[in-house]
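Worksheet: the structure to be examined is printed underneath.
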Amino acid sequence: MSPTVPLLSAEYAMIPRMPLSTGPLIGRDTDLSRLADAIGLRPTPGARPGGVVVLSGDAGIGKSRIVGALVAEATTAGWFTAVGHCVGQAGSSLAYLPFVELVGTIDAGHPEVVERVLETHPSLGHLLPGRADAPDNDRSARSTDPGQVAEAVHALLSALGDAQPSLLVVEDVHWADHSSRDLITLLLTRGFTRAVGLVVTYRSDDLYRRHPLHETLAVWARIAGLEHVELAPLPDDAVRELVSGIEGAPTDAATNAEIARRSEGNPFFAEELVASAAAGQGLTGGLSRVLRARVEQLDDTAQRVLRAVALKGGQFIGHDLLSRVVDLPDETLEAALAAAVEHHVLEARWPPAYTFRHALLGEAVADSLLPGERLRLHRAYAAVLAERPELAPASELARHAAAVGDLPTAVRASRAAAEAAMAVGGPQEALLLLERALTWLDEDDPERDEVTLRASRAAMVAGEPIRAMDLLRDRLDHPGTAQDPGARADLLSTLVIRSRILDLPIDSIALTDEALSLIGEEADERRVRVLVARVQALVDNGSFVEAAVVGNEVSLLAERLGLGGALAEVRTIMARILEAQQDLDSVETHLRSIVADIDPDDPLLLRAVHQLASLAHRRGDLPGSLQLYDRGAAVARRMHREWAPWGQECRLLGGLTAYELGDWDGAARRLDLAGRPAPQPGRTIFTGAALLVHAGRGDPVDPDLIGALREWWPVDGLCVVLTVMPAVDVLGDAGDLAGLLDLTEAAVGVLDSTWGEYHAVVRLAALVAGQAAALVPRADPALRARAVALVDELADRGRRIGQLRPAVEKASRPKFERAAAESLEDTSRETWAWTARLEAEVLRLQRVAGVEEPPPVTELVDAWRESVAAFERYGHVFETARSRARLAEALRAAGEDVESRTVAERAREEAVRLEAKPLLAELDAVRPGGVTVDLTPRELEVLGLLAQGLTNGQIGKQLYISTKTVSVHVSNLLAKLGASGRTEAAAIARRRGLVTG
């Protein structure tokens, strides 16, 4: 049996709601069976109990009642049960509200399980405010990563399932806070290997297009094994049966039939109509009128109490809070409450607390409040909660205080609520609360600076870097008339650190100059923060000598002040300085020592692991790099910082590295958003990266996708790179040389203004040259000349990257530094390999572009041999195979048919494994003799029209032949070209020059 749950220390929505017991469950046997089967309550022989299910339906359709029946059946079967509720609270936000309730219930029933999980997952304590050993204020003031809370809850539920088969229910997630939605998604996605059943309910008629649950439901729809049960309206016969079982229901058939018709299968509406008829009310009007009629049966005092309950927010209101707000004599209040309970408007529990029998009743009462009544009730709540804050969450005090214009109290309470949200890993809720506080603060209020900093931090943790920067910039641009210099210095230094995540224009050196001028020479924590920002700005600007001096100064100061976190951050930043002054072995040793020293729960660990992985990648250790990126991604998931700085980079670069290693399925898995809500520009970056696999496999690409990705180019140069690289191949394979050149020129323009000189230009030049070499033989002279000129320009720039001399000052930000003794092959093997590829592609283009003195074929063969060797040493499987295909083509041109076939077959093996259809088509074209001579003139005509996208019927009309004859020709073409479909046949035809355009 489920335990009786004691009252927790705070009287708010943690109080469990008792299931409804107003009559039997009618007409829901099938739905109840589906729910029971989904959670394994009635397992077949050999099957284990447990499972996850989502239950939806309109308001009043019977979700709570069927959940109550399920809970009762589970309890009878010996299961532990617990229910957590989300609540609608206008203007307030409580992170993990339903899970506070669930965990409290579990703690009451299985305290030994909670104790055991707390030992390994201390973050669980943040969901146990009723415990004597709950986190104290100092501990709560520090942010807990949402991932730690999520892992703690999953561990708790799994351990609970070991102790006893368990059913957990989260009701009304249409009101869920952001953190709870994310946690529910994790629980539904991971599921349980223990005897744990999880049921999630939501009100489907409350969802509109921009409802926050909307995107989450799209994610849930893709979760394998997740059952979704939607409650439909009851049939009329079930409604009549329901009505006949209600005490005092009308007995005449006409009234019952009218109730069944007007209720439209909604059990709650039917019950309310019965109550209205029993009270002598008419059956006309909608549900809100019927609900108001129920309330209007009560006397004025009872209605006054109901209005107070309706405006409170949350689920239950404790007796102590209610009595203070309505300020009635105890006997009068108790009589009013008894009447409301007797008329089935309120429900009561012990210790004394009250809630509306159904949320629709509360909404109807709240909607009927007059402006004056609403204001008076807000004022009463604000006064009581200011005096007795333990009676409700701080967010409720903020809401009521703001409603009556007491903005200082509203700000103070909203900040307290935000800190509580951050403490349990709810950055989105914290951001909402802090931004609301900012709307209540005057520009000249000195508190605005600190609230801005905290809001910006919450935005960063939530994966909203643009929002984080905008908040800081807005305050810096509108400082008021008397902003504190030290506070402004904090804003400036924070902006410097956070702005480097994106590529928006900012003069970080000037910002730190201003910050230093504001703080004087006092050796305190603020000076450390400003100097850390200064070191980062100098490193990003390439001023490594000055950065080293400042870095040493701040390191000594941080050590003297005992600021270990700042010291670790400076050491991480200074790893870039070591790259310019020492060999990479020293840099790796430096980074590994940082990783070893950082606390496993410190978010700085993500940056250090990322830098270590990046170093391994640049040195050509792709397997080691992938292992480190995956480690960083795992840390980010554990901390629930997948979209925060360095967390998303680890996952992204892990996907790109898997792509290079030839694990395209693994790359797709790492890069796939699977419909999950994702902040921008992260969504664009991951979509562009995933496009590499689609391009390599020749998958269809939405023509509008590239344009959509371009919208984020001005924000982050990585968006540019990860769009243009795969897009070059997509457009090239489609034969769109002009579009390819347009996109490349636009990308170069953006990257030039953002990054200056950058390694990516080498790869971009090689890709453009490769596609141009395939397409210029059929291009008009003007387009051919444009392609050759662009490739020449990009190639010259690429060669300059490869010839860079050691630099310690003023190198552009994206450039990698190297000591004098180190070669490009050792410090950036990727760029080194693409440099070899670039030279081969340029020679290939020159041989087909009609230049006066084309390079000899022997030079082309040697260049492609170097490209193959370079990519093989680098470890890039696909580009090794693509280089082999072009080496085979060069060997064939040189008359080396035997070696050409051997090289081509090695490339073909990889292309087949990778399912790289465009590469397979390219390899088909280099077979000695080819297959082009096998096409008849009629087949060539059909192929040309097919490549234009015409249907068989349209081709038949063009050529004056039957559709059936066209179908035969198309089948023969697919067989001869080795194509799996019309799109692939068109791509092969364009690559071989069999069609134009």
Side-chain angles (χ1 to χ4, degrees), residues 19 25 27-44 47-71 73-74 79 81-86 98-99 102 153-154 157 166-178 180-193 195-235 238 265-268 359 672-677:
L25 189 67
R28 295 297 188 196
D29 290 345
T30 300
D31 296 316
L32 181 59
S33 294
R34 285 186 64 191
L35 289 172
D37 291 342
I39 65 167
L41 184 56
R42 307 169 183 172
T44 57
R48 65 170 180 81
V52 291
V53 61
V54 173
L55 174 67
S56 65
D58 291 350
I61 204 69
K63 297 183 298 298
S64 294
R65 187 169 296 179
I66 197 172
V67 164
L70 184 68
V71 168
E73 184 176 338
W79 286 39
T81 62
V83 182
H85 299 84
C86 306
F99 292 98
L102 281 173
V153 171
H154 190 272
L157 300 189
S166 300
L167 168 61
L168 295 312
V169 181
V170 181
E171 283 217 77
D172 298 327
V173 297
H174 52 280
W175 286 325
D177 58 276
H178 193 295
S180 291
R181 288 196 303 272
D182 282 353
L183 178 47
I184 292 168
T185 300
L186 178 140
L187 296 175
L188 293 175
T189 302
R190 293 182 61 175
F192 302 94
T193 58
V196 176
L198 175 64
V199 179
V200 175
T201 77
Y202 69 91
R203 190 193 290 182
S204 53
D205 58 337
D206 261 16
L207 302 187
Y208 47 88
R209 186 173 62 86
R210 300 191 67 180
H211 192 285
L213 185 62
H214 219 57
E215 283 191 72
T216 305
L217 290 176
V219 177
W220 293 356
R222 295 176 174 84
I223 298 175
L226 175 62
E227 182 84 5
H228 194 143
V229 177
E230 183 171 5
L231 293 186
L234 291 175
N266 189 300
F268 178 70
D672 183 22
L673 297 176
R676 286 176 293 182

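Below, each value reflects all heavy atoms present in this structure, side chains not excepted, and no hydrogens, waters or symmetry copies.
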(message) Just to verify, what does Ala74 make a side chain to side chain contact (heavy atoms under 4.5 Å, CB included) with, not counting sequence neighbours?
(response) Leu41, Trp79, Thr81, Leu167
(request) Calculate, to the nearest 0.5 Å, the distance between atoms OG1 and NE2 belonging to Thr201 and His174 respectively. (result) 7.5 Å
(request) Using the test side-chain hydrogen bond (donor to acceptor under 3.5 Å, both in side chains), find all partners of Arg181 that sit at least two apart in sequence or belong to another chain. (result) none
(message) Which residues pass the side-chain hydrogen bond (donor to acceptor under 3.5 Å, both in side chains) test with Glu230, not counting sequence neighbours?
(response) none
(message) For the CZ atom of Arg190 and the CG atom of Leu198, what is their distance to the nearest 0.5 Å?
(response) 13.0 Å
(request) State which residue, out of Ile39, Val53, Leu55, Val169, fulfils the side-chain contact (heavy atoms from CB on, under 4.5 Å) condition with Leu70. (result) Ile39
(message) If I take atom CZ from residue Phe99 and atom CG from residue Leu187, how far apart are they, to the nearest 0.5 angstrom?
(response) 5.0 Å
(message) Under a 4.0 Å threshold between the charged nitrogen and the carboxylate oxygen, would Lys63 count as salt-bridged to Glu171?
(response) no
(request) Can you sort out the partners of Ser56 under side-chain hydrogen bond (donor to acceptor under 3.5 Å, both in side chains), two or more places apart, ordered by chain and number? (result) His228
(message) Once rounded to the nearest 0.5 Å, what's the spacing between atom OG of Ser180 and atom CG of Leu102?
(response) 9.5 Å
(request) Indicate yes or no: at least one non-hydrogen side-chain atom of Val52 is less than 4.5 angstrom from one of Trp220. (result) no
(request) Please step through side chain to side chain contact (heavy atoms under 4.5 Å, CB included) for the pair Leu32 and Glu73, ending with a clear verdict. (result) CA-CA 10 Å; Leu32 181 59; Glu73 184 176 338; 4.1 Å; yes
(message) Please determine whether side chain to side chain contact (heavy atoms under 4.5 Å, CB included) holds for the pair Cys86 and Val170, giving the CA-CA distance in whole Å, both sets of side-chain angles, and the decisive distance to 0.1 Å.
(response) CA-CA 7 Å; Cys86 306; Val170 181; 4.1 Å; yes
(request) Could you tell me which residues satisfy side-chain hydrogen bond (donor to acceptor under 3.5 Å, both in side chains) with Ser33, sequence neighbours excluded, listed by chain and number? (result) Arg42
(request) Working to the nearest 0.5 Å, report the span between OG1 of Thr189 and CG of Leu226. (result) 8.5 Å
(request) Rounded to the nearest 0.5 Å, what's the gap from CG on Asp177 to CG on Leu183? Could you check? (result) 9.5 Å
(message) Check whether His85 reaches the backbone of Val173 with its side chain - one donor and one acceptor, N or O, closer than 3.5 Å.
(response) no
(request) Taking all heavy atoms of Ser204 and all of Asp58, pick out the closest pair and write down the distance. (result) OG-OD1, 3.3 Å
(request) State, with a plain yes or no, whether a side-chain heavy atom of Leu168 is found less than 4.5 Å away from one of Phe192. (result) no
(request) Could you tell me which non-hydrogen atom of Trp175 sits nearest to which non-hydrogen atom of Arg203, and how far apart they are? (result) CH2-NH2, 3.7 Å
(message) Tell me every residue that passes salt bridge (charged side-chain N to carboxylate O under 4.0 Å, His left out) with Asp31, counting only those two or more places apart in sequence or in another chain.
(response) Arg28
